Protein chains: 2
Amino acid sequence: MASGPGERRGAGEAGGAGARRTPGQRAGLTREAVLAGARAALAQDGIEGLSMRRLARRLGVAPNALYSHVADRDDLVDALLDDTLNEVRAPDPRRGDWRAGIETIMRRTYAVLLAHPDLVPLYVARRGARGPRAVALGEAMLAMLARGGIEGDPAVEATRTLIVHAIGFAAFATGAPLQPAESTLTPKALQDLFARSLSWLLDGIAGGHPMR
Amino acid sequence: MASGPGERRGAGEAGGAGARRTPGQRAGLTREAVLAGARAALAQDGIEGLSMRRLARRLGVAPNALYSHVADRDDLVDALLDDTLNEVRAPDPRRGDWRAGIETIMRRTYAVLLAHPDLVPLYVARRGARGPRAVALGEAMLAMLARGGIEGDPAVEATRTLIVHAIGFAAFATGAPLQPAESTLTPKALQDLFARSLSWLLDGIAGGHPMR
DNA sequence: ACCTGAACACCGTTCAAGT
DNA sequence: ACCTGAACACCGTTCAAGT
């Protein structure tokens with residue numbers, strides 16, 4: 001981790017307290033390095049590690065140095081969320097059964113969310129991602145729905161329903177159980193439940209004729 | 001608003017800066033007054049008004065005075081969320097069609113969530129309420145499911161699915177649209193969509209035979 | 001038991017420098 | 001353009017008093 005330029009100060013950089021650079025000296029930071037640091041902070045310290053000040057400390061810069069590479073904290077979080085969606089491989093919207101295509105895209109999205117449990121509360125708080133990757137996935141789903149004869153408002157409603165469902169389920173799967181009884185549900189049971197409820201919704205979206 | 005004891009200082013109480021009481025003097029605060037103040041703060045200033053310090057300022061007390069009536073901020077928020085569920089009138093779990101009963105309970109819950117849009121992000125963040133009211137509603141749903149022959153893990157899965165669905169939809173209905181295209185969905189269209197997707201899920205939960 | 005004063009250890013963000 | 005120093009306006013929470 002922390003690859004890239006600006007490595008000459010070596011280890012111990014993140015732990016110290018004093019100033020190593022005078023104003024005007026560069027730290028060799030880039031937007032990508034900031035995002036990589038944010039990921040590492042999230043992995044190591046969880047959501048609390050993702051404050052601007054703690055991230056700056058980890059990167060060995062002054063807190064306000066981050067604002068040269070990121071508009072504000074929301075910008076940082078949005079970039080993190082959208083980047084993560086790069087891990088979701090969407091099937092070709094023009095080939096195969098459209099309903100199976102949507103199921104694939106949603107299951108992969110769900111799997112990626114579960115693979116990044118600390119990000120899930122952020123997806124929840126922002127109700128999804130807004131970046132180019134999220135848009136691309138949304139367009140793929142709309143293309144698949146169109147092949148099933150679903151367009152316009154019903155198509156928008158369908159994608160919204162499915163995204164809500166995936167994020168909501170991920171939140172429950174990664175969070176602490178609400179009631180003691182819920183702890184009896186294993187991760188596998190939850191995954192099955194997601195798959196099942198997903199197909200229920202798709203049954204309804206497809207208009208009552210299940211198709212498989 | 002702000003009914004109850006401790007009114008003798010009158011208007012202007014919340015705006016001033018100086019200390020009106022020396023240590024040892026009481027402000028006449030109660031847990032209920034703190035919760036009422038929290039509701040008013042939420043209604044007036046939104047989620048940002050719900051900091052301990054701002055709430056204390058509104059109530060005319062020192063920030064730490066709140067800790068005599070509330071364990072911490074989470075305790076305050078939890079009480080707020082559970083109290084609001086008092087507005088959800090649950091039908092008698094023993095009477096009428098069980099599926100219709102669940103639909104009623106979920107639609108009323110959804111309506112109450114929409115009636116308190118500022119609380120929705122908090123329900124989302126905490127993935128529901130945990131207090132006695134939430135437990136009572138959950139038990140009512142389990143009783144209805146039992147009458148439909150659904151018990152044990154499947155019943156817990158069903159309630160979880162339905163609650164995720166309601167909170168997720170409320171979050172999307174009350175929040176800003178994620179993509180420009182979504183803004184075309186009117187509140188009424190969203191409400192219809194919730195009702196429809198709810199019945200899709202219930203179709204699935206009921207085992208594929210829609211029952212109505 | 002209920003409240004204040006003061007403090008601790010934080011936040012995000014901005015503004016004015018420096019090179 | 002990229003960074004630091006310093007500051008502003010906040011947070012939640014705790015501890016030691018006072019009555």
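Lettering of chains follows the sequences in order, A, B, ..., and the numbering in each one begins at 1. For the numbers below, each heavy atom of this structure counts, side chains included, while hydrogens, waters and symmetry mates do not. Quantities reported herein were computed from a predicted structural model and do not represent experimental measurements.
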- request: Report the distance from atom CZ of R58(B) to atom C1' of dC10(D), rounded to the nearest whole Å.
  value: 18 Å
- line: Between P91(B) and R108(B) the two heavy atoms that sit nearest each other are CD-NH1, 4.1 Å
task: Using a 3.5 Å limit on both pairing distances, list the dot-bracket string of DNA chain D from the 5' end; Watson-Crick and G-U wobble pairs count, crossing pairs take [ ], interstrand pairs take |.
output: ||.|||||...|||||.||
query: Between dT13(C), dA7(C), dC3(D), which nucleotide gets closest to the side-chain atoms of R53(B)?
result: dA7(C)
- request: Check whether any side-chain N or O of S68(B) sits under 4.0 Å from OP1 or OP2 of dA1(C), and answer yes or no.
  value: no
- request: Compare every heavy atom of G128(B) with every heavy atom of L81(B), then report the nearest pair and how far apart it is.
  value: CD1-O, 4.3 Å
- request: With P as the reference atom in both, quote the distance from dA9(D) to dA9(C) in angstrom, rounded to an integer.
  value: 23 Å
- prompt: Expressed in angstrom and rounded to an integer, what is the separation of L66(A) atom CG from dC2(D) atom C1'?
  reply: 12 Å
field: Heavy-atom side-chain proximity of I205(A) to L145(A) below 4.5 angstrom
entry: yes
message: Checking H116(A) against E87(A): is there a side-chain donor and acceptor pair closer than 3.5 Å?
response: yes
query: For dG12(C), does OP1 or OP2 lie under 4.0 Å from any side-chain N or O of S51(A)?
result: yes
task: Look up atom CG in L198(A) and atom CD in E103(A), then write down how far apart they are to the nearest 0.5 Å.
output: 5.0 Å
message: If you assign D72(B) and P23(B) each to the DNA chain D nucleotide with the nearest heavy atom, which residue ends up on the more 5' nucleotide?
response: D72(B)
task: Just compare dT4(D), dT13(C), dC2(C) and give me whichever is closest to any side-chain atom of R73(A).
output: dT13(C)
Nearest-angstrom distance from the residue atom OH of Y67(A) to P of dT13(C): 4 Å
- prompt: Regarding T30(B) and H69(B), is there a side-chain donor-to-acceptor distance under 3.5 Å anywhere?
  reply: no
message: Distance check needed: dG12(C) C1' versus D74(A) CG, whole Å only.
response: 10 Å
For atom CD of E48(B) and atom C1' of dC11(C), their distance in whole Å: 14 Å
query: Taking the side chain as C-beta and beyond, is there a heavy-atom pair between L80(B) and L50(B) under 4.5 Å?
result: yes
- line: Regarding the side chain of A62(A), the nearest nucleotide among dT4(C), dT4(D), dG12(C) is dT4(D)
- line: Separation of dC10(C) atom P from L50(A) atom CG, nearest Å, is 16 Å
field: Phosphate contact (dC3(C) OP1 or OP2) by H69(B) side-chain N/O below 4.0 Å
entry: yes
message: If you compare every side-chain N and O of R21(B) against the phosphate oxygens of dT4(C) (OP1, OP2), does one of them come in below 4.0 Å?
response: yes
field: Residue M52(A), side-chain atoms from C-beta onward, closest of dA7(C), dC3(C), dG12(C)
entry: dG12(C)
message: What I want to check is whether the side chains of R58(B) and Q44(B) have a donor and an acceptor closer together than 3.5 Å.
response: yes
statement: Taken to the nearest whole Å, CD1/I47(B) to P/dC11(D) is 13 Å
field: Value in whole Å for how far the P atom of dC2(C) lies from CZ of R26(B)
entry: 6 Å
